[in-house]
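Reading through the structure tokens given below for one structure.
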Amino acid sequence: MKFHTIIAVGLAALAGFSYAQQPAKPKGLVAVVQVSEKSKPGKLLVKGASGKDTFVYYDAGSEQNVQRNAAKMKLFFLLTPADLVEAEQSLGASDLEEAARQLAAVKEAYKDYLGLDRNPAERAAVLEIDCAVRRLAFAELKTLVGSFPHPEWLGAEDKGKLMAANILVKAVGGAALADVENEVKELMSSGVGKTLNGSSYGWLQYAIAYATAAAITPEDLAGTIPADKEAAAHKAIDAYCRAAVSSHGRDMELPIDAMVRAQALLWAMPGVKEYAAKGASMDAGKWGEAPANFRDAVALAYMLKNIYGTGGETIDAAAKLFFNTQAGKE
């Protein structure tokens, strides 16, 4: 029996399936299938995968499980299950803790479908990476990256995202700046690197910034950054700002954290706190004479506090010194 005939029989059997006559529903995911140009699309109940691009379905005609290659079909895609839709809705609504729980459950529930195009387990695993980054849960992110199921089966963009997440994990875990920069350079020069979206590129910039800022101690931030560390501080500030701009959009958790870190570095630059100590009364003259680092630290703090609702010791102290040079102008 030819392949298209077998599939046709399976589709017909599924279409005629009467739940009233069966004591239990068959388990599986529905897939839309079109065998060739000459056949019509139909739905098939897929029981799972058997390797890359190989799906398993129950053929009612032969009363056996049958394996077929999805890649050889004109059309094959799995319909998104309701629990994955719910997880994506939680993620979109920024209910991140609930989304993390739901995505983990989806990944486990549909692990038998790994290897099929756009399968829910792989989709959930990729979204788990996004969710962990948004939660700034870097220890959890390390576990997710290290246990990612079949990364070799990912498409180029998702593979690049996973690689970017891995570099981010290493940087936050204390990797040397030179190693982080080498891995970023290697990724960006690869074919996969050319598919990175803005958020994934932002993760790489955050990784560079974090590794660079490791040279700045908490004591430096509480006081004044020494002259021999100014170059590192400026490099970290620039990279944090690139991270914020690159991944700026609806998902603002990492961009905001990057801006907070950049503001803290700016506030600790030489001369900034000394100028701030001159008083909270700011006018055009004082603003114009202020060091560039002071103006940047204050402007960034004002934006974080008044646009993003983010506070903190250095943010609150700096934001009140902001002077709007455009006030009253047409």
Side-chain angles (χ1 to χ4, degrees), residues 1-92 98-131 144 147-159:
M1 184 180 290
K2 292 185 177 180
F3 179 38
H4 69 271
T5 304
I6 294 174
I7 292 292
V9 170
L11 292 173
L14 182 64
F17 187 87
S18 172
Y19 290 100
Q21 297 174 353
Q22 297 290 336
K25 291 183 180 181
K27 294 182 179 180
L29 286 177
V30 176
V32 176
V33 177
Q34 184 178 3
V35 179
S36 65
E37 292 281 1
K38 296 180 180 180
S39 63
K40 294 182 178 181
K43 292 182 179 180
L44 193 66
L45 195 64
V46 177
K47 299 183 67 175
S50 179
K52 183 73 171 88
D53 291 327
T54 302
F55 69 93
V56 180
Y57 75 100
Y58 179 74
D59 174 42
S62 63
E63 297 184 346
Q64 293 180 350
N65 290 332
V66 179
Q67 295 185 12
R68 296 302 177 203
N69 192 324
K72 294 182 178 180
M73 293 188 169
K74 174 65 178 176
L75 176 67
F76 178 91
F77 68 87
L78 294 165
L79 300 186
T80 304
D83 42 1
L84 178 54
V85 173
E86 291 171 0
E88 290 180 328
Q89 289 173 340
S90 295
L91 191 60
E98 177 65 7
R101 184 193 66 78
Q102 292 173 318
L103 290 168
V106 170
K107 183 174 70 174
E108 174 63 24
Y110 300 103
K111 62 184 179 182
D112 290 342
Y113 293 84
L114 286 167
L116 300 180
D117 187 35
R118 292 173 288 185
N119 71 83
E122 180 181 280
R123 176 63 179 162
V126 171
L127 291 176
E128 272 191 305
I129 298 293
D130 288 318
C131 188
L144 293 174
S147 63
F148 196 94
H150 292 287
E152 72 278 9
W153 290 348
L154 287 171
E157 183 175 341
D158 286 338
K159 187 175 292 185

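Here, residue 1 is the first one in the sequence, and each next residue gets the next number.
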Would Tyr113 and Leu29 count as a side-chain contact (heavy atoms from CB on, under 4.5 Å) if you check the C-alpha gap in whole Å, the side-chain angles of each, and the deciding distance to 0.1 Å? CA-CA 9 Å; Tyr113 293 84; Leu29 286 177; 3.8 Å; yes

[Y] and [X], any side-chain heavy atoms less than 4.5 Å apart:
X: Asn119; Y: Arg123; value: no
X: Gln64; Y: Tyr58; value: no
X: Met73; Y: Val33; value: yes
X: Val106; Y: Lys111; value: no
X: Val35; Y: Lys74; value: no
X: Leu78; Y: Val46; value: yes
X: Phe55; Y: Leu44; value: yes
X: Leu127; Y: Leu91; value: yes

Which atom of [X] lies closest to which atom of [Y], heavy atoms considered:
X: Ala125; Y: Lys107; result: CB-CD, 3.7 Å
X: Pro149; Y: Leu114; result: CB-CD1, 3.7 Å
X: Leu116; Y: Asp53; result: CD2-C, 4.0 Å
X: Ala99; Y: Ala87; result: CB-O, 4.1 Å
X: Ala100; Y: Glu128; result: O-OE2, 4.4 Å
X: Val56; Y: Ser50; result: CG2-CB, 4.0 Å

Hey, could you give me the [atom1]/[atom2] distance between [X] and [Y], rounded to the nearest 0.5 Å?
X: Leu79; Y: Lys43; atom1: CG; atom2: NZ; result: 6.0 Å
X: Leu103; Y: Glu88; atom1: CG; atom2: CD; result: 8.0 Å
X: Ser36; Y: Leu75; atom1: OG; atom2: CG; result: 11.5 Å
X: Gln67; Y: Lys47; atom1: CD; atom2: NZ; result: 11.5 Å

Tell me if a side-chain donor or acceptor on Thr54 pairs with a main-chain N or O of Gly51 at a distance below 3.5 Å. no

Short question: side chain of Tyr110, backbone of Ala105 - any donor-acceptor pair under 3.5 Å? no

Between side-chain atoms of residues 151-158 and protein atoms elsewhere (two or more places apart, or another chain), which donor-acceptor pairs fall under 3.5 Å?
from: Glu152; atom 1: OE2; to: His150; atom 2: ND1; distance (Å): 2.9
from: Glu157; atom 1: OE2; to: Asn197; atom 2: ND2; distance (Å): 3.4

Cut-off 3.5 Å, side chains only: do Gln102 and Ser90 have a donor facing an acceptor? yes

